[in-house]
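One-based numbering, in listed order, for ligands and for the atoms of each. Along the sequence shown, the residues carry numbers beginning at 1.
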Amino acid sequence: MSYYDYIMIGSGIAGLYIALLAIERGSVLILTKGSIDDCNTKYAQGGIAAAIGKGDSPESHFKDTMAVGGGLCDAEAVRILVNEAAECITDLIGLGVPFDTLNGEITLTREAAHSVPRIVHAGGDATGEHIEVTLSRQVRSSPIEVLEHCLASEILVEDDKVKGVKALDCRAGTTQEYSCRFLILATGGLGRLFKYTTNSDVVTGDGIALASEAGAEICDMEFFQFHPTVLRLPGVAPFLITEAVRGEGGILINVEGHRFMPDYVAEAELAPRDIVARSIVYEMKKTHSDRVFLDVTHLPSRLVTTHFPRIYRFCRQHGLDITKGLIPVAPAAHYLMGGVSVNECGETNISGLFAAGETACTRVHGANRLASNSLLESVVFGKRVVERTQMIAQAAIMASAAVQSRKCPPEEELQARSQVSEGLYFLPERETISSAPPLNLPNLQSLMWDKVGIIRSGESLSEAAAILATWQRLLPQPIDRPSSELNNLMLCGRIMAEAALLREESRGAHFRTDFPQTLPEWQRRIVLREDHGAK
Ligand SMILES: Cc1cc2nc3c(=O)[nH]c(=O)nc-3n(C[C@H](O)[C@H](O)[C@H](O)COP(=O)(O)OP(=O)(O)OC[C@H]3O[C@@H](n4cnc5c(N)ncnc54)[C@H](O)[C@@H]3O)c2cc1C
């Protein structure tokens with residue numbers, strides 16, 4: 001079995017950035033189930049939030065993040081996020097990411113719910129693509145080993161310690177085990193769980209499912225963000241129209257030509273995503289339409305074409321000149337706030353197992369994510385993963401050299417886990433039903449969209465949870481990438497439905513018609529764990 005100091009699962013911003021830092025400290029293998037650039041990162045448009053502009057401060061970024069998170073952001077984690085942002089932007093520049101500048105200064109845009117312009121971007125709205133291309137080029141010219149089309153299928157754990165990972169070569173159909181000291185899950189979110197989604201087809205919740213099966217704690221899974229404005233053109237794949245378009249003055253109108261956002265909330269189009277998404281759903285219902293429109297025709301054409309070249313080009317290719325015509329949009333699944341529960345250094349409750357990027361729950365987003373905080377979270381906490389592994393490695397060396405030397409961190413500190421213990425539940429057993437529709441990916445995606453989507457109720461969630469439990473029991477052992485992904489999505493869907501059922505209130509992105517209020521007794525997290533009979 002090949003051995004590495006670090007194995008990274010995934011090659012988005014989290015996996016690549018951590019790999020580039022880790023290679024300074026030991027051998028590194030990246031396993032990725034598609035090509036290196038198959039990921040969500042390359043689709044990111046708006047950019048990365050960082051308080052580096054004049055008149056901005058980490059304190060202001062902190063306040064904006066906390067305000068959007070529905071009372072569930074972890075203040076300590078958010079402080080880390082905003083305070084360490086500037087350093088990580090400098091690191092990315094050092095790695096060659098070509099952020100946009102004017103007269104030698106980084107240019108910043110504003111996005112919804114940010115109180116000042118704070119979004120660092122590259123190539124206008126092509127930020128993610130520039131990051132992915134730059135980091136993967138750096139990885140290719142380093143000693144990091146990369147295995148493409150290689151799907152991690154099981155985390156190998158012995159005596160509560162990670163030993164390595166089992167992986168499927170998707171092209172040869174063979175499996176192999178790789179051992180390591182530190183295993184880092186950087187597998188992204190689970191956006192493919194829903195019928196309408198902005199996410200890449202590799203984003204199927206694999207890291208969360210594998211971690212859960214290995215005994216890791218999973219938290220905040222009921223909080224999933226739906227992006228309000230995704231292109232809805234017949235026959236065209238959903239394409240995200242970034243928040244920054246509304247930040248620059250784009251307005252939303254319904255099919256009857258009425259600007260509706262001021263009817264719902266004072267911030268109008270600049271309100272947090274969940275409010276805009278729900279308002280759009282209500283307008284679509286009211287007007288019996290499957291879309292509303294985003295209007296930028298009143299903005300200078302040059303502003304539109306230079307700030308949003310990718311969106312402009314994409315729409316043009318599909319016969320729509322957005323400087324002259326309305327953009328048809330509707331909400332779609334976008335971002336998971338929850339995930340594998342980690343402490344402020346990316347550690348899970350299993351020794352040697354780390355998670356970073358969208359697959360991790362660092363608790364910075366709470367019940368709702370502030371736009372452009374997720375690329376930032378990937379790099380800030382990604383860097384901390386590597387720093388933590390270095391501490392662990394150094395402490396081990398010192399411990400073996402001088403067992404009682406008080407120079408190394410005390411054992412209790414090494415073992416410290418800032419896991420949230422409140423609200424820890426085992427994943428419940430659930431009755432199966434005989435009336436479940438046939439099991440396949442489109443049916444799973446429709447079920448999640450209809451019953452566990454933007455607007456939920458106890459009835460819709462119970463129905464979904466029962467069907468998911470039934471399907472889960474019928475699932476055969478996975479043999480290839482599609483069947484592995486279906487298994488993983490199914491498990492993540494179940495965890496999400498169960499968590500949403502438990503949370504009998506509405507908060508942030510989680511909205512229930514039977515419990516529309518936010519309740520003080522629910523200002524706590526739901527942490528779920530499969531019952532392996534371990535504790
Ligand atoms: C359209 C769009 C626009 C966005 N815009 C922004 C933005 O402007 N600003 C912002 O901050 N955020 C934005 N986001 C969110 C942000 O892009 C993601 O949260 C972030 O890129 C996640 O990075 P990641 O490295 O965690 O995961 P990803 O970039 O999704 O990468 C996951 C990787 O894991 C691999 N993988 C998954 N499962 C396995 C497995 N079993 N075995 C091996 N490999 C596996 C995948 O192949 C992939 O390489 C946007 C997201 C989308 C979809």
Side-chain angles (χ1 to χ4, degrees), residues 7-19 29-50 109 111 119-122 125-129 131-132 135-136 146-155 165-170 184-192 197-211 225 227 229-231 237-244 310-311 332-337 339-340 355-360 365 369-379 381-382 478 481 484-485 487-489:
I7 296 182
M8 227 67 61
I9 314 291
S11 56
I13 186 171
L16 297 177
Y17 180 72
I18 296 172
L29 170 70
I30 297 179
L31 300 179
T32 191
K33 70 178 172 182
S35 302
I36 194 167
D37 63 347
D38 284 334
C39 59
N40 264 359
T41 297
K42 74 171 176 197
Y43 295 129
Q45 295 179 355
I48 309 186
T109 48
E111 285 186 346
I119 316 302
V120 180
H121 46 88
D125 56 2
T127 311
E129 200 176 317
I131 292 174
E132 187 65 22
L135 298 189
S136 54
V146 182
L147 287 179
E148 293 176 299
H149 306 284
C150 195
L151 175 140
S153 55
E154 188 183 337
I155 297 169
V165 63
K166 194 185 270 186
L168 170 76
D169 180 327
C170 301
I184 296 135
L185 299 170
T187 47
L190 48 66
R192 298 306 290 190
T197 179
T198 62
N199 283 204
S200 155
D201 62 8
V202 293
V203 179
T204 54
D206 297 11
I208 297 164
L210 297 187
Q225 191 167 72
H227 197 287
T229 54
V230 178
L231 189 66
F239 179 83
L240 186 128
I241 310 293
T242 171
E243 220 97 49
R310 219 164 148 249
I311 296 173
H334 189 55
Y335 182 83
L336 177 68
M337 269 73 74
V340 182
E358 194 169 333
T359 209
H365 307 302
R369 174 184 67 125
L370 182 65
S372 286
N373 264 356
S374 49
L375 292 172
L376 179 63
E377 179 197 25
S378 302
V379 287
F381 290 91
R481 180 172 152 185
S484 294
E485 292 179 338
N487 266 269
N488 294 333
L489 284 170

Sub-4.5 Å side-chain heavy-atom contact between Glu243 and His227: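 Yes. Closest side-chain heavy atoms under 4.5 Å.
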Side-chain heavy-atom pair Thr127, Val120 within 4.5 angstrom cut-off: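 No, too far: nothing below the 4.5 Å cut-off.
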side-chain contact (heavy atoms from CB on, under 4.5 Å) between Leu135 and Thr41, intermediate numbers included: CA-CA 11 Å; Leu135 298 189; Thr41 297; over 6 Å; no
Pair Arg310 + Glu129, salt bridge at N-O below 4.0 Å: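 Result for this pair is yes, salt bridge flagged.
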Salt-bridge contact Glu485-Arg192 (side-chain N to carboxylate O under 4.0 Å):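 Here Glu485 does not pair with Arg192 in a salt bridge, since their nearest N and O are not under 4.0 Å apart.
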Provide, line by line, the atom pairs where ligand 1 and the protein bring an N/O atom each to a distance under 3.5 Å; else say none.
unit_1, atom_1, unit_2, atom_2, d
ligand 1, 5 (N), Gln45, N, 3.4
ligand 1, 8 (O), Gly46, N, 2.8
ligand 1, 8 (O), Gly47, N, 3.0
ligand 1, 9 (N), Gly47, O, 2.8
ligand 1, 11 (O), Ser374, N, 3.2
ligand 1, 11 (O), Ser374, OG, 3.0
ligand 1, 11 (O), Leu375, N, 2.8
ligand 1, 12 (N), Arg369, NH1, 3.3
ligand 1, 12 (N), Ser374, OG, 2.7
ligand 1, 19 (O), Glu358, OE1, 2.7
ligand 1, 21 (O), Thr41, N, 3.4
ligand 1, 21 (O), Thr41, OG1, 2.9
ligand 1, 23 (O), Thr41, OG1, 3.3
ligand 1, 25 (O), Ile13, N, 3.2
ligand 1, 25 (O), Ala14, N, 3.0
ligand 1, 26 (O), Glu358, N, 2.9
ligand 1, 29 (O), Asn40, N, 3.3
ligand 1, 29 (O), Thr41, N, 2.9
ligand 1, 29 (O), Thr41, OG1, 2.5
ligand 1, 30 (O), Asn40, N, 3.1
ligand 1, 34 (O), Ala186, O, 3.4
ligand 1, 38 (N), Asp206, OD2, 3.3
ligand 1, 41 (N), Ala152, O, 3.3
ligand 1, 41 (N), Asp206, OD2, 2.8
ligand 1, 42 (N), Ala152, N, 2.9
ligand 1, 44 (N), Lys33, N, 3.1
ligand 1, 47 (O), Asp38, O, 3.3
ligand 1, 49 (O), Ser11, N, 3.0
ligand 1, 49 (O), Ser11, OG, 3.2
ligand 1, 49 (O), Thr32, OG1, 3.2
ligand 1, 49 (O), Asp38, O, 3.0

Steps toward side-chain contact (heavy atoms from CB on, under 4.5 Å) verdict (Leu151, Ser484): CA-CA 9 Å; Leu151 175 140; Ser484 294; 3.9 Å; yes
